2 protein chains.
Amino acid sequence: MGTPQLAQQPEPKYWHLKTVLSAALDSEFSVGQALPNERALAARFGVARATLRQALDQLELEGRLQRRRGIGTTVAPPRVGVDVGPGALDGPGGPGDAWTTTGWAREPAPPAVAEALGLPRREPVEAVHRLLTSHGLPVATERLFVPAALLPERPGAAAPRPAASGEQRGLDLLGRLRAQGPDGQDRSVELGSAGAAEARRLDQLPGAPVLLVTTRYARAGRVLAVSLATYRADTCRLTFGGGDAPRAGEAAAVSVE
Amino acid sequence: MGTPQLAQQPEPKYWHLKTVLSAALDSEFSVGQALPNERALAARFGVARATLRQALDQLELEGRLQRRRGIGTTVAPPRVGVDVGPGALDGPGGPGDAWTTTGWAREPAPPAVAEALGLPRREPVEAVHRLLTSHGLPVATERLFVPAALLPERPGAAAPRPAASGEQRGLDLLGRLRAQGPDGQDRSVELGSAGAAEARRLDQLPGAPVLLVTTRYARAGRVLAVSLATYRADTCRLTFGGGDAPRAGEAAAVSVE
DNA sequence: AAGTGGTCTAGACCACCTC
DNA sequence: AGGTGGTCTAGACCACTTA
């Protein structure tokens with residue numbers, strides 16, 4: 001008799017569950033539709049609730065589901081493409097777009113930022129806070145670290161009065177940075193998790209997965225500002241170079257196989 | 001008497017644990033050092049193992065820890081910066097770099113790829129498989145969908161014989177694509193989870209978080225090829241535009257606060 | 001054989017939302 | 001009040017590695 005099939009190690013239950021649910025989402029559910037609650041689903045599949053949740057966690061990570069406490073689980077819409085091309089300094093007063101300046105603060109620079117700017121670590125520095133919304137929902141927050149000392153005041157513009165709001169101060173700094181006309185940008189993207197403050201601003205739970213985009217604005221080899229942007233990983237797809245980048249299609253591409 | 005402090009809802013245990021562990025990693029551990037095992041840690045902090053694991057899961061997601069079954073948990077080195085700039089077609093025979101062509105196959109195009117290439121969905125198409133390693137470890141896999149029909153054979157080069165290996169066929173297709181000199185690229189990045197095949201090639205477990213990079217190569221408005229690349233999210237930081245993009249520093253930037 | 005992390009269970013309670 | 005997802009427990013067994 002031939003060599004018997006190598007005893008295939010059993011697929012984890014949650015993995016199989018995920019596959020089954022994924023197929024069901026494609027064929028039997030439409031965007032926005034609610035799934036049965038977790039206890040019902042677990043019972044239907046004959047597994048513990050924790051095991052079912054492991055499968056749902058994966059599907060949520062892939063952007064296929066949306067879960068809200070007290071509400072339920074629904075089928076998520078396709079991820080929204082967000083351009084992080086060369087125009088990232090856009091905003092009210094700038095060309096383009098939907099970034100909103102929400103405030104201003106002097107706060108200690110994170111180590112990487114301090115290093116890039118050539119400052120002592122944890123040196124207090126001006127930070128402009130911005131929020132990006134898409135279709136009315138928040139998708140990203142940004143802290144733009146921009147040392148005022150590096151930016152001359154704009155001759156034509158009135159400096160904000162001491163009593164000016166954070167928004168006004170932020171807009172002033174942003175304008176001064178734009179006036180410098182940065183000529184170089186470095187960007188990097190990595191996976192992170194939302195802190196308490198970011199989670200609140202992005203309307204999600206602390207610890208939720210986010211895409212961390214670090215951008216360095218330079219002019220003539222001198223780093224003028226560093227931006228730390230936090231994009232919701234569940235709802236966002238970052239696009240570079242052109243607004244019509246391809247969509248990584250339904251299940252097939254998001255869960256790579 | 002004044003309004004009493006609003007009863008602060010208790011921080012989840014796993015969240016507090018994560019904070020404590022994170023601080024300990026910074027101050028008392030060095031890269032590569034092993035942590036106590038999960039049962040010991042759970043006992044030390046007086047929580048159930050599942051709760052401890054929730055904290056470790058987060059730290060692993062942020063690239064601070066590395067866990068290997070049967071081995072233990074160690075402090076992860078800083079993420080490696082991987083350039084995904086305009087030179088992504090590099091590889092043996094091309095300028096630059098470390099992509100290795102591992103094979104070739106005719107496989108059905110994922111929906112998004114078929115659409116971008118203007119083909120019927122699930123149409124079989126040539127796919128070149130490549131692997132990117134850094135310091136000897138695999139960090140990314142790629143499937144480059146490149147319909148042979150769109151690419152003329154190179155006059156000077158010998159076409160691979162029918163019996164040629166997958167590698168040879170892949171290299172031939174890659175050469176023909178390079179010879180076309182694509183002049184446009186669209187890229188997008190999103191979060192995904194590794195399928196069984198990718199996980200095997202990347203030496204991680206199925207379901208591990210990955211960064212999905214979709215690139216469209218075009219010439220004169222015509223899409224010639226589409227690449228689906230899968231980067232390990234735990235060990236990689238994607239960099240764009242210049243090889244010396246800033247590092248999102250230690251804890252502070254990866255776990256945004 | 002012994003030790004590690006990965007999976008799974010059957011409960012419990014909590015925070016949040018709607019009715 | 002009743003429903004939802006989020007947290008937590010105290011176990012058990014499994015897969016993998018090393019010795």
Side-chain angles (χ1 to χ4, degrees), chain A residues 6-19 21 33-61 64-76 193-194 196 199-200 203-209 234, chain B residues 6-19 21 33-61 64-76 193-194 196 199-200 203-209 234:
Chain A
L6 194 58
Q8 191 75 350
Q9 85 193 24
E11 201 175 40
K13 281 190 185 176
Y14 79 91
W15 188 262
H16 181 242
L17 256 183
K18 179 195 149 188
T19 308
L21 286 170
Q33 190 174 349
L35 269 66
N37 72 55
E38 298 184 348
R39 290 159 180 89
L41 277 177
R44 175 180 311 181
F45 289 106
V47 300
R49 190 175 154 221
T51 303
L52 174 83
R53 279 180 60 82
Q54 236 179 314
L56 294 184
D57 285 346
Q58 286 255 345
L59 291 170
E60 194 182 23
L61 191 78
R64 313 266 331 258
L65 292 180
Q66 188 172 8
R67 294 196 280 183
R68 276 170 302 178
R69 173 159 48 180
I71 307 285
T73 302
T74 55
V75 180
S193 62
R200 208 175 319 116
D203 189 29
Q204 55 184 178
L205 292 176
D234 54 347
Chain B
L6 193 59
Q8 189 75 351
Q9 84 195 21
E11 201 176 38
K13 281 190 185 177
Y14 79 91
W15 188 262
H16 181 242
L17 256 183
K18 178 195 150 187
T19 308
L21 286 170
Q33 190 175 348
L35 269 65
N37 72 56
E38 297 184 350
R39 290 161 180 88
L41 278 177
R44 174 182 311 182
F45 289 105
V47 300
R49 191 177 155 220
T51 303
L52 174 83
R53 279 180 61 81
Q54 238 181 311
L56 295 184
D57 285 347
Q58 286 255 345
L59 291 170
E60 194 182 23
L61 192 77
R64 314 263 334 255
L65 292 179
Q66 188 171 11
R67 294 196 280 183
R68 276 170 304 178
R69 173 158 47 178
I71 307 284
T73 302
T74 55
V75 180
S193 62
R200 209 177 316 117
D203 190 26
Q204 54 185 179
L205 291 176
D234 55 347

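Given the structure is predicted, the values throughout are model-derived calculations rather than measurements. Throughout, a chain's letter reflects where its sequence line sits, starting with A, and its residues are numbered from 1.
Here C/dG5 presents its C1' atom at 13 Å from CG of B/L65, a figure rounded to the nearest Å. Going from atom CD of B/Q58 over to atom C1' of D/dG6 covers 13 Å, rounded to whole Å. B/Q204 places its CD atom 16 Å from the P atom of D/dC16, with the value rounded to the nearest Å. One interatomic measurement links the two molecules: CG of B/L56 to P of C/dT7, which rounds to 14 Å at whole-angstrom precision. One can place CG of A/L17 at 20 Å from P of C/dG6, the figure rounded to the nearest angstrom. Here C/dG5 presents its P atom at 12 Å from CG of B/D57, a figure rounded to the nearest Å. Between the CD atom of B/Q54 and the P atom of C/dC8 there is a distance of 17 Å, given to the nearest Å. Atom-to-atom, CD of B/E38 to P of D/dG11 comes out at 17 Å; the value is rounded to the nearest Å.
Counting any heavy atom pair closer than 4.0 Å across all strands shown, B/R68 reaches sugar-phosphate atoms only and no base atom. Residue A/L205 is classed as a sugar-phosphate contact, given heavy-atom separations below 4.0 Å to backbone atoms only.
Residues A/Q58 and B/S193 share a closest heavy-atom pair of OE1-OG, 3.6 Å. Shown here for A/L41 and A/P36, the closest heavy-atom pair between the two residues is CD1-O, 3.6 Å. Listed here is the closest heavy atom pair of B/L65 and B/E60: O-CG, 3.6 Å.
Taking side-chain N and O atoms only, B/T51 has a distance below 4.0 Å to OP1 or OP2 of D/dT9. Residue B/T73 has a polar side-chain atom (N or O) positioned under 4.0 Å from OP1 or OP2 of C/dG5. Applying the 4.0 Å criterion to OP1 and OP2 of D/dG3, one finds that A/N37 has every side-chain N and O outside that range. Note on A/R67: a side-chain N or O is less than 4.0 Å away from OP1 or OP2 of D/dG6. Applying the 4.0 Å criterion to OP1 and OP2 of C/dT7, one finds that A/Y14 has a side-chain N or O inside that range. OP1 or OP2 of C/dG6 has at least one side-chain nitrogen or oxygen of B/R53 nearer than 4.0 Å.
When each of D/dT7, C/dC16, C/dA10 is scored by its nearest atom to the side-chain atoms of A/A48, the top-ranked nucleotide is C/dA10. Comparing D/dT4, D/dC8, D/dT18 by their nearest atom to the side chain of B/I71 picks out D/dT18. For B/R39, the listed nucleotide lying nearest its side chain is C/dG6; candidates were C/dT9, C/dG6, D/dT9.
Atoms CG and CD, on A/L52 and A/Q54 in that order, are 10.0 Å from each other to the nearest 0.5 Å.
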- [ ] Test side-chain contact (heavy atoms from CB on, under 4.5 Å) on A/L56 and A/L21 and set out the steps.
- [x] CA-CA 9 Å; A/L56 294 184; A/L21 286 170; 4.0 Å; yes

